[in-house]
Colleague: 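Right, I'll just put the structure down here and ask away after.
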Amino acid sequence: MTGTATSSPERVPLVDYLVLDDGPPHLIAHECTSCGARYFDRRNACASCFGTDFTTVEIATEGTLRTFTIVAFAAPGVEVPFVSGVIDCDGTSVRGNLTNVEPDSDHVQTGMKVRLTTYSLGTDDQGTEAISFAFEPAP
Amino acid sequence: MSDEIWILGINMTKFGKHFDRDVIDLASEAVMAALADGGVTMADMDVLAAGNLMGSGGIGQQVQKQVGQTGIPVYNVSNACATGATALRTAIMSIKAGESEMGLAVGVEKLAGVGLLGGGGSAKKDGQEWEPHGRYGAVGPTDGRIGTDTMPGVFAQVGMEYGHKYGGADFELFAKISEKNHAHSTLNPLAAYSKRFTLDEIMNDMMIAYPNTRPMCSANCDGAAAAVVVSGEKLKSLSLEQQRRAVKVSASVLTSDPWQEACQVLPDVNTLTRNAAQTAYEQAGVGPDELDLVELHDCFATAELVHYDNLGLCEKGGAVDFFNSGAPWRDGSKPVNVSGGLQSKGHPISATGIANIWEVCHHLRGEAGDRQIEGAKVGLAHVIGLGSACGIHILEKSAA
């Protein structure tokens with residue numbers, strides 16, 4: 001998989017499709033070798049064409065915000081408000097939060113250009129730091 | 001094989017808070033009332049299909065013990081918000097297969113006070129190691145960090161995506177859809193909430209997930225609905241009064257979501273609804289222009305907009321213009337959710353897919369009282385549950 005570091009302190013991604021140790025942080029997907037459908041989770045067979053061969057591909061780190069919501073009421077422990085959206089990253093739809101932008105409809109609009117960024121979720125007792133991703137407005 | 005399927009009897013309980021009754025009580029009330037409405041008894045039933053998502057399971061057998069144990073096959077079904085429609089369709093399929101002449105379907109839920117659906121996950125306790133779990137190898141909860149799992153947020157994005165694609169859908173437009181449904185609910189004595197809101201009140205209420213404020217979200221409540229279905233052949237042997245009040249099921253369709261590029265990150269509620277609608281119109285031999293009323297799955301105001309389009313009530317991309325024309329108001333050309341919809345009538349999940357059929361039947365029978373759509377002959381009921389499942393039934397007034 002993605003984590004190859006053996007020395008502490010270590011950084012681990014929040015999800016296994018976020019790659020931190022191979023150049024700039026980016027997302028990866030399992031791509032069906034027959035039809036090109038992409039999945040962030042593992043699949044027994046392709047949901048589109050039933051093929052069983054997959055290859056790993058990098059997802060573009062810049063994209064366009066296709067839709068969003070500003071969540072003001074969430075489960076306990078989830079900080080609000082936050083912006084959740086779907087980003088079209090060069091043809092692959094990615095789900096993520098928006099960051100480094102005011103969470104209101106004056107500042108967040110569909111069609112805006114965004115790019116991948118990462119941030120720390122904290123460090124555990126072993127000194128391991130968890131890293132998550134989000135998207136921020138691109139200049 | 002039987003060609004025709006009819007609804008012989010149907011009932012919904014009052015939706016709302018039923019603190020003194022459990023799901024078995026509510027389901028039994030709906031079942032006994034549906035049987036009485038159809039002029040039949042449990043002895044006439046050849047099959048029972050039952051749905052309840054939040055309970056302990058086996059609701060069908062639990063209800064039998066209250067209304068009559070006759071040894072007939074019971075199918076307990078579970079299909080998210082399409083559970084009620086799936087139960088009805090299960091009874092219909094049994095008749096179509098020739099195994100039954102009459103069948104019973106019931107859906108029930110207790111949801112009052114449940115609160116936000118979807119989302120959550122246990123947060124990491126300080127000091128614990130980050131350890132990967134699940135299909136994404138997540139070392140902690142992803143809800144709120146990688147988008148939202150909450151239903152108001154998911155369906156907000158569904159509506160906003162439509163706005164991005166076609167334009168014209170802003171906060172005010174979505175709030176106006178909610179204004180319509182709450183206005184409609186004032187005529188429905190069985191609705192959980194029947195209070196009219198001004199547009200300002202809706203827009204300035206508590207924000208849940210932009211652009212959905214609280215009154216723009218479906219109301220969690222308790223309720224049940226049940227229906228008796230009968231084959232066309234069997235109906236002929238029943239009384240003229242039963243034949244007159246019977247409502248023809250011209251189409252009964254269930255679909256799931258075919259693969260689409262983005263469906264792994266945001267549920268695609270559109271494609272399976274469009275597919276179901278197309279099949280239903282073909283089965284029934286009627287088009288959307290012939291519908292006198294529509295009950296569609298407005299779990300959130302943002303969802304209602306996209307389903308105008310998905311059900312073919314307007315041109316593709318024309319849902320905003322359709323709404324702004326006044327068409328879906330009860331005095332418009334295509335009344336939508338004259339019951340008040342899920343936003344005010346309420347959404348006891350498993351009951352919803354039968355309750356919306358009850359609403360349509362009520363109008364087709366001319367029994368809807370103050371909220372009667374005059375001269376209604378054809379109606380459509382639609383539900384969608386995430387995962388996803390879509391149920392559509394087209395209903396026609398009896399010619400007898």
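The structure displayed is predicted, hence computed values, not measured ones. Worth knowing before you read on, the calculation uses all heavy atoms, side chains too, and leaves out hydrogens, waters and symmetry mates. Throughout, protein chains are lettered first and strands after them, A, B, ... in sequence-line order, and every chain is numbered starting at 1.
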Colleague: Does A/Gly91 offer a backbone N or O that forms a donor-acceptor pair with the side chain of A/Asp88 under 3.5 Å?
Modeller: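 Yes, the answer is positive, given that a donor and an acceptor are paired below the 3.5 Å cut-off.
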
Colleague: Picking from A/Val78, A/Val71, A/Thr110, A/Leu65, which has the most non-hydrogen pairs under 4.5 angstrom with chain B?
Modeller: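 Maximum pair count with chain B is reached by A/Thr110.
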
Colleague: Of the backbone (N, CA, C, O) and the side chain (C-beta and beyond), which part of A/Leu98 lies under 4.5 Å from a heavy atom of chain B, both, or neither?
Modeller: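 When you check distances to chain B, no heavy atom of A/Leu98 falls under 4.5 Å.
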
Colleague: Between A/Ala134 and chain B, which part of the residue has a heavy atom less than 4.5 Å away: side chain, backbone, both or neither?
Modeller: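 Neither part; nothing is under 4.5 Å.
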
Colleague: Considering only heavy atoms, which portion of A/Thr92 lies under 4.5 Å from any heavy atom of chain B: side chain, backbone, both, or neither?
Modeller: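 Both backbone and side chain.
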
Colleague: Got more than 12 heavy atoms from elsewhere within 6.0 Å of CG, B/Asn204?
Modeller: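 It does: B/Asn204 CG has more than 12 such atoms within range.
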
Colleague: Using a 4.5 angstrom heavy-atom cutoff, name the option from A/Val86, A/Leu121, A/Thr99 with the most pairs to chain B.
Modeller: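 So the answer, after comparing A/Val86, A/Leu121, A/Thr99, is A/Leu121.
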
Colleague: Who wins among B/Asp143, B/Ile208, B/Thr302 for the most heavy-atom pairs under 4.5 Å with chain A?
Modeller: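 Max contact count across the listed options: B/Ile208.
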
Colleague: So for A/Phe40, is it side chain, backbone, both, or neither that comes closer than 4.5 Å to the heavy atoms of chain B?
Modeller: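 Both backbone and side chain of A/Phe40 come within 4.5 Å of chain B.
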
Colleague: Checking B/Asn310 side chain against B/Arg274 main chain: does a donor-acceptor pair fall under 3.5 Å?
Modeller: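 No; judged by distance alone, with no hydrogens or angles, the pair does not exist.
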
Colleague: Please round to the nearest 0.5 Å and tell me the distance separating atom CE of B/Met151 and atom SG of B/Cys299.
Modeller: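 It comes to 9.0 Å.
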
Colleague: Please determine, by modelled atom types, if B/Thr271 and B/Asp268 share a side-chain donor-acceptor pair under 3.5 angstrom.
Modeller: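 On atom types as modelled, these side chains qualify, holding a pair under 3.5 Å.
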
Colleague: Between A/Val12 and chain B, which part of the residue has a heavy atom less than 4.5 Å away: side chain, backbone, both or neither?
Modeller: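 For A/Val12, the contact with chain B is made by the side chain alone.
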
Colleague: Considering only heavy atoms, which portion of A/Val94 lies under 4.5 Å from any heavy atom of chain B: side chain, backbone, both, or neither?
Modeller: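 The backbone, not the side chain.
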
Colleague: Can you tell which of B/Thr142, B/Asn212, B/Asp149 has the highest number of heavy-atom pairs within less than 4.5 Å of chain A?
Modeller: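 Among B/Thr142, B/Asn212, B/Asp149, the one with the most close pairs to chain A is B/Asp149.
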
Colleague: Select, from A/Cys49, A/Pro103, A/Gly122, A/Ser132, the one with the greatest count of heavy-atom pairs under 4.5 Å involving chain B.
Modeller: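 Most heavy-atom pairs within the cutoff with chain B belong to A/Gly122.
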
Colleague: Compare every heavy atom of A/Glu58 with every heavy atom of A/Arg38, then report the nearest pair and how far apart it is.
Modeller: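 Here A/Arg38 and A/Glu58 meet closest at NH1-O, 4.2 Å.
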
Colleague: Could you tell me which portion of A/Tyr39 (side chain, backbone, both or neither) has an atom closer than 4.5 angstrom to a non-hydrogen atom of chain B?
Modeller: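 Looking at A/Tyr39, backbone and side chain both touch chain B.
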
Colleague: Would B/His307 and B/His382 count as a ring pair (Phe, Tyr, Trp, His ring centres under 6.0 Å) if you check the C-alpha gap in whole Å, the side-chain angles of each, and the deciding distance to 0.1 Å?
Modeller: CA-CA 9 Å; B/His307 293 314; B/His382 158 258; 4.5 Å; yes

Colleague: Decide if the gap between the ring center of B/Tyr210 and the ring center of B/Phe171 is smaller than 6.0 angstrom.
Modeller: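 Under 6.0 Å, so yes.
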
